[in-house]
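Beneath this line is the structure, given in structure tokens, with notes to follow.
We count residues from 1, following the sequence as given.
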Amino acid sequence: MIALVDGNNFYVSCERVFDPRLAGRPVGVLSNNDGCVVARSEELKALGVAMGAPRHLLPPEVRRRAVLLSSNYALYGDMSRRVNQVLAAFSPDVEPYSIDESFVGFTGFPLAGLEARCHELRETVRRWTGIPVGVGVAPTRVLAKLANRLAKREPACEGVCLLEADSEATRRVLEACPVTELWGVARRSAERLALMGIDTAWQLRRADPRWVRSRFSVVMERLVWELRGRPAIALEEMSEPRRRLLVSRSFGRLTGERHELEAALRQHAARAGEKLRRQGSQARAVQVFLRTSPFLAGEPQYRNAALVALPAPSGDSRELLAAARRALDAIFLEGYRYQKCGVMLLDLVDAESAQPSLLESPEDDARRVRSQRLMATLDRLNREMGRDTVRFGLPREGNAWALRCAHRSPRYTTRWNELMRVKTG
């Protein structure tokens, strides 16, 4: 059996751990630059606030009643780490899936006491970290996802739901579940399944796996086996390497200064390089885009993009930064106040199988090896010592591209100067 442990309204729950006054109040967490709502408490959902709702479009009544906080990713990431440490005390097999979800393997644990163990796990996470979680237990990851949804939605489950492969309860759940809600089923695949008369998870479970594979893919075939209770999908198969990587961000304020655009692109290209190396890829091309704000009446409008091909596939941040600067040279125009820029890495290939140039010399090969070692060292330092411990250039104070986070709570667990203070008397 395997469990999916998912934090309830995770970002909001992290905020409430350190500020109990937020309990019972409508609370929302905003995206970068305080633009849109990306996390909602149940109370905020009850006020009709949709996920992704722009902050400036929220009704005045909602804005008066709600507490809207800036994203505090340092806090959320550290709280996620702490939750996983608790999970590791209950099983040696913990697989983080996202910042608020982890799979916990219970192979070898007796089924009879497993539900009680998961209730104990849930209570321990709440007691040791303050984070409420839902636990869905099943023989496969796909069924565990469905069980987790029931654990969080059905009060009778008390936060834990266990689904066996061939029980009547599992059949009822699958009959009521549209294929669109299944983990790993994209919208287009769901539309094609509907045309073939498969609308529910139960109908997909009963389909012939070989027939499904011939019309879709091996991943869809494995999903059928998972619905039947036979483990067939590894976690990495559900998160394939991306074909392109985009890093972009709206500025905290409009700017027409070239040096500020260069600083922003330097940051974006470096971050894109980290992500590229983390998934074991290299890029063949770098694209940069600029744009002004389309929402400001009377402002001159301009948007453009430029693509620079790399001589050979690369994961070296220095080469990505150089290409981004050349792209900026091609599209930057004076006289405009820019609102956003970004870097996209295109035509990604697997780093292990990237084909070097036929004209490459032994010196070029040695240079490539040194580059890989340098980037690995840079990534290790930033991973172990903190992000941006080693960076390309120093940002200026008050730069335009800095995040606007006027309502961010303290980073209680990762900054000495932001530790919680307790007053007595």
State, without any angle test, whether [X] and [Y] hold a side-chain donor-acceptor pair at a distance under 3.5 Å.
{"X": "Q279", "Y": "S281", "answer": "yes"}
{"X": "N9", "Y": "E42", "answer": "yes"}
{"X": "D78", "Y": "T414", "answer": "no"}
{"X": "T292", "Y": "Q339", "answer": "no"}
{"X": "T200", "Y": "E175", "answer": "no"}

If the plane angle is over 60° it's perpendicular, under 30° parallel, otherwise tilted; pick one for [X] and [Y].
{"X": "Y11", "Y": "Y76", "value": "parallel"}
{"X": "F109", "Y": "F106", "value": "perpendicular"}
{"X": "W183", "Y": "Y97", "value": "perpendicular"}

Okay, side chain of [X], backbone of [Y]: is any donor-acceptor separation there less than 3.5 Å?
{"X": "R277", "Y": "G315", "result": "yes"}
{"X": "E384", "Y": "N382", "result": "no"}
{"X": "S13", "Y": "N8", "result": "yes"}
{"X": "R411", "Y": "A74", "result": "no"}
{"X": "R228", "Y": "R205", "result": "yes"}
{"X": "D100", "Y": "D6", "result": "no"}
{"X": "T255", "Y": "E257", "result": "yes"}
{"X": "S91", "Y": "A88", "result": "no"}
{"X": "R249", "Y": "H268", "result": "no"}
{"X": "T124", "Y": "E120", "result": "yes"}

With the threshold set at 4.0 Å, does a side-chain nitrogen-carboxylate oxygen contact exist between [X] and [Y]?
{"X": "D199", "Y": "R192", "result": "no"}
{"X": "R126", "Y": "E123", "result": "no"}
{"X": "E61", "Y": "R64", "result": "yes"}
{"X": "R141", "Y": "E226", "result": "no"}
{"X": "R16", "Y": "E43", "result": "yes"}

What I'd like to find out is whether the side chain of [X] reaches to under 4.5 Å of the side chain of [Y], using heavy atoms alone.
{"X": "M1", "Y": "L111", "answer": "yes"}
{"X": "C14", "Y": "V17", "answer": "no"}
{"X": "M344", "Y": "F289", "answer": "no"}
{"X": "D347", "Y": "L310", "answer": "no"}
{"X": "V343", "Y": "L245", "answer": "no"}
{"X": "V218", "Y": "E221", "answer": "yes"}
{"X": "M196", "Y": "F216", "answer": "yes"}

Got a sec: does the [atom1] of [X] have more than 12 other heavy atoms crowding it under 6.0 Å?
{"X": "R303", "atom1": "CZ", "result": "no"}
{"X": "R65", "atom1": "CZ", "result": "no"}
{"X": "W211", "atom1": "CH2", "result": "yes"}

Write down the atom of [X], the atom of [Y], and the distance for their closest heavy-atom approach.
{"X": "R40", "Y": "V49", "value": "NH1-O, 2.8 Å"}
{"X": "A50", "Y": "V37", "value": "O-CB, 4.5 Å"}
{"X": "A53", "Y": "L58", "value": "CB-CD2, 4.0 Å"}
{"X": "V38", "Y": "S71", "value": "CG2-OG, 4.4 Å"}

Mind checking the [atom1]-[atom2] spacing from [X] to [Y]? Nearest 0.5 Å is all I need.
{"X": "L345", "Y": "Q282", "atom1": "CG", "atom2": "CD", "answer": "11.5 Å"}
{"X": "E319", "Y": "S371", "atom1": "CD", "atom2": "OG", "answer": "6.0 Å"}
{"X": "Q203", "Y": "L193", "atom1": "CD", "atom2": "CG", "answer": "10.0 Å"}
{"X": "T140", "Y": "I2", "atom1": "OG1", "atom2": "CD1", "answer": "8.5 Å"}
{"X": "L320", "Y": "F392", "atom1": "CG", "atom2": "CZ", "answer": "9.0 Å"}
{"X": "S214", "Y": "M220", "atom1": "OG", "atom2": "CE", "answer": "12.0 Å"}

| said: Testing M375, R266, R391 one by one against S317 for a side-chain contact (heavy atoms from CB on, under 4.5 Å), which residue passes? | reply: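 Between S317 and the candidates, side-chain contact (heavy atoms from CB on, under 4.5 Å) is satisfied uniquely by M375.
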
| Test log, rule salt bridge (charged side-chain N to carboxylate O under 4.0 Å, His left out), inputs E101 and K145 | CA-CA 10 Å; E101 293 178 292; K145 271 275 192 179; 2.9 Å; yes

| said: Check for me whether R222 meets the cation-pi criterion with W225, that is, NZ or CZ under 6.0 Å from the six-membered ring centre and within 45 degrees of the ring axis. | reply: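 Verdict for W225: no cation-pi partner in R222.
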
